[in-house]
Every structure is written in C-alpha cells, then in structure tokens.
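As the structure is a computational prediction, the values presented were derived from the model and not from experiment. Numbered from 1 within each chain, the chains take letters A, B, ... in sequence-line order.
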Number of protein chains: 2
Amino acid sequence: MKISDLKAEQLEHASNMLKAIAHPVRIAILSHLEDGKKLTVTQIYELLNIEQSTTSHHLGILKDKGVLLSQREGKNTYYYLKHSSLFSIINCVSKVTMEGF
Amino acid sequence: MKISDLKAEQLEHASNMLKAIAHPVRIAILSHLEDGKKLTVTQIYELLNIEQSTTSHHLGILKDKGVLLSQREGKNTYYYLKHSSLFSIINCVSKVTMEGF
DNA sequence: ATGATATATTTGCATATTCACATATAAATT
DNA sequence: AATTTATATGTGAATATGCAAATATATCAT
C-alpha cells in the first residue's frame with residue numbers, strides 16, 4: 001500500500017511522529033534505546049552530555065507523541081521505545097543518511 | 001550498523017531530513033511522487049487542493065533540504081524525489097502509522 | 001519590442017511552535 | 001529534613017506556517 005492511501009488524520013499522525021524524532025538529541029536518545037533497552041533520565045543526560053532539564057524535556061516530547069513509554073521505579077523513571085517498529089524508521093533514516101546527500 | 005554509530009554531523013543531517021518531511025502537506029506531496037513520478041507545482045496544488053503559494057513554499061523547503069530536485073521546462077517546473085531510498089522512510093512511516101498508535 | 005497570459009517564486013505579515021538554559025517545584029528515598 | 005532524581009516553568013530567541021499580494025519567468029500574439 002502507498003502512503004497516498006493515507007487519510008488526512010493519518011498524515012497528521014505520521015507528521016507528528018516524524019516531528020517527534022526530527023531533532024538530533026531525540027535521534028541520539030532513540031539510538032540508545034535500541035534492542036529494547038530501558039534507560040533513566042540520568043543515564044541519558046550523562047550519555048549525551050546535555051542539561052538534565054533539556055533531557056527531561058525531550059523525553060517528555062517523545063512520550064507525549066507516543067514514541068516512548070515510561071515507568072517510575074523509586075526515584076528513577078525508565079524510558080523505552082513504545083513500538084519496536086520505530087527502529088524501522090530510524091534504521092531507514094540512518095541508511096539514507098549514510099548514503100550521504 | 002546502528003544509528004548510535006552516527007556522528008553529530010550525521011544526526012544533524014538525519015534531523016534536517018526528518019524535519020523536511022515532518023509535515024502533513026509535505027508527506028502528501030511525497031506520496032504523489034512515488035514510483036519516480038515528476039509533477040508540476042500546478043498539478044500538486046490542484047491534487048492537494050491548497051494555495052498555490054503554499055505549495056510552492058513547501059516544495060522549496062523539500063528542495064532546499066535535499067529531498068526533491070526540480071527541472072524547469074518552459075513555464076512549468078517539475079519536481080521529483082532526489083533519492084528513491086526516501087521511499088524507504090516514507091513506507092516505514094506509513095507502516096508504523098497503519099499499525100495505529 | 002511590447003503587452004497579455006500562464007506558471008512559479010518571493011515577500012510580508014501574523015501567528016504558532018520549538019528550543020536550551022536556569023531555576024523552581026515535585027516525587028521518592030533515606 | 002536532607003538528598004537524589006525527575007518534571008515544570010519562565011524566558012528569549014529561533015524556526016515554522018498559511019495566506020494574500022507582489023514579483024519573476026517563460027511563452028505567445030501582435
């Protein structure tokens with residue numbers, strides 16, 4: 001099936017999901033969540049070397065737009081990918097990016 | 001290879017490309033350019049039933065960010081996909097979107 | 001060469017959204 | 001109450017968006 005079969009609502013949905021991941025920091029976050037990994041806010045901002053509040057903000061965006069899920073365990077909140085099929089998109093993006101254009 | 005292997009420059013590039021397509025109108029435009037099709041500004045704005053200047057604006061964005069190429073033939077400008085591998089991304093998006101979440 | 005027409009691009013405007021940072025606040029644990 | 005971890009708020013700046021109008025480009029007839 002082709003994307004032209006999508007209705008306006010679906011285009012909006014696809015657009016929102018793409019917006020969610022269309023930022024270098026959020027792409028980097030997702031890259032660390034491959035293979036079903038779950039990471040805390042602290043782990044992520046230390047890995048990426050950015051502001052703690054900036055990290056939480058981006059995680060909030062990804063969660064709000066249905067890309068990530070979260071799970072509080074004591075003081076820590078673990079974030080993980082909601083759908084493994086998102087890897088498909090990210091892998092496609094990396095493939096196209098590596099082709100260099 | 002994983003997206004975590006990407007360098008900052010590549011994350012930026014991937015992000016820009018995703019930003020380029022992360023809009024309902026631009027997704028709809030791309031959907032009509034599958035299978036190597038080439039369309040004019042007039043064909044596109046009539047297909048999508050939107051303002052002529054809005055269409056030209058979005059086409060400009062897609063061209064500027066390296067998603068589309070254009071080719072003037074007389075009064076008409078034909079737009080087409082720069083890399084067929086972009087279909088991969090769009091097809092992944094439609095797949096994930098159709099899974100409905 | 002000029003004016004008219006068709007097609008496309010650009011400009012200006014107002015509005016909305018996004019972003020990073022610093023700080024404040026909230027929640028959980030000790 | 002103090003500490004650790006996380007979320008929310010405010011701010012200023014940057015970016016994105018649609019529309020209407022203006023401008024540019026190409027073609028055609030005169």
Can you confirm whether B:Glu34 sits close enough to B:Leu81 that some side-chain heavy atom of one is under 4.5 Å from a side-chain heavy atom of the other?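 Not touching, per the 4.5 Å side-chain cut-off.
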
Min side-chain heavy-atom separation B:Leu30-B:Leu62 under 4.5 Å: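 With C-beta onward as the side chain, the pair touches.
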
If I take atom [atom1] in residue [X] and atom [atom2] in nucleotide [N], what distance separates them, rounded to the nearest angstrom?
X: A:Arg26; N: C:dT17; atom1: CZ; atom2: P; value: 15 Å
X: B:Leu59; N: D:dA16; atom1: CG; atom2: C1'; value: 16 Å
X: A:Asn16; N: C:dT18; atom1: CG; atom2: P; value: 9 Å
X: B:Lys63; N: C:dA8; atom1: NZ; atom2: P; value: 13 Å
X: B:Lys19; N: C:dT17; atom1: NZ; atom2: P; value: 17 Å
X: A:Leu39; N: D:dT5; atom1: CG; atom2: P; value: 15 Å
X: B:Glu73; N: C:dA8; atom1: CD; atom2: C1'; value: 14 Å
X: A:Ile61; N: D:dT9; atom1: CD1; atom2: P; value: 14 Å

OP1 or OP2 of C:dA20 under 4.0 Å from side-chain N/O of A:His58: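 Indeed, a polar side-chain atom of A:His58 lies that close.
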
Residue-phosphate contact under 4.0 Å: B:Thr54 side-chain N/O, D:dG18 OP1/OP2: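 False: B:Thr54 side-chain N/O out of range (4.0 Å or more) of D:dG18 OP1/OP2.
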
Kindly check if the number of other-residue, nucleotide or ligand heavy atoms within 6.0 Å of CD (B:Glu73) is above 12?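 Atom CD in B:Glu73 is crowded, with more than 12 foreign heavy atoms closer than 6.0 Å.
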
Under 3.5 Å, which protein N or O atoms sit close to an N or O of nucleotides 5-7 of chain C? Give each pair with its distance.
{"unit_1": "C:dA6", "atom_1": "O4'", "unit_2": "B:Lys75", "atom_2": "NZ", "d": "3.2"}
{"unit_1": "C:dT7", "atom_1": "O3'", "unit_2": "B:Asn76", "atom_2": "OD1", "d": "3.0"}

Of the nucleotides C:dT10, C:dT18, C:dC21, which has the atom closest to the A:Ser53 side chain?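 Nearest listed nucleotide: C:dC21.
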
Between C:dT9, D:dT17, C:dA20, which nucleotide gets closest to the side-chain atoms of B:Tyr79?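 Side chain of B:Tyr79 sits closest to C:dT9.
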
Hydrophobic clusters join Ile, Leu, Val, Met, Phe, Trp and Tyr when side-chain heavy atoms are under 4.5 Å apart, directly or via other members; which others share one with A:Tyr78?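 Reading the cluster by chain and number, A:Tyr78 sits alone, since nothing else belongs.
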
If you group Ile, Leu, Val, Met, Phe, Trp and Tyr whenever their side-chain heavy atoms sit less than 4.5 Å apart, what else falls in with A:Ile61?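 Traced through the cluster, A:Ile61 reaches no other member.
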
I'd like to know if the side chain of B:Gln10 pairs up with that of B:Glu12 as donor and acceptor (distance under 3.5 Å, no hydrogens or angles considered).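 The answer is no; no qualifying pair exists.
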
How is A:His57 classified with respect to the nucleic acid when contacts are heavy atoms under 4.0 Å: base, sugar-phosphate, or nothing?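 Since no nucleic acid heavy atom lies under 4.0 Å of A:His57, the category is nothing.
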
Identify, between A:Gly74 and A:Ala22, the residue whose nearest nucleotide on DNA chain C lies closer to the 5' end.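 Looking at DNA chain C, the more 5' nearest nucleotide goes with A:Ala22.
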
Where along residues 43-51 of chain A does a heavy atom come under 4.0 Å from DNA chain D, residue by residue in number order?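 The answer is none.
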
Where at least one partner belongs to residues 46-63 of chain A, residue pairs that pass side-chain hydrogen bond (donor to acceptor under 3.5 Å, both in side chains), sequence neighbours excluded: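 Qualifying pairs: A:Arg26-A:His58, A:Lys63-A:Ser70.
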
Can you pull out every ring-ring contact (aromatic ring centres under 6.0 Å, His included) where at least one residue sits in residues 37-56 of chain B? Sequence neighbours excluded, please.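 The answer is none; no pair qualifies.
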
Distance in Å, A:Leu11 CG paired with B:Ile29 CD1, rounded so as to fall on 0.5 Å steps: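 Between atom CG of A:Leu11 and atom CD1 of B:Ile29 there are 11.0 Å.
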
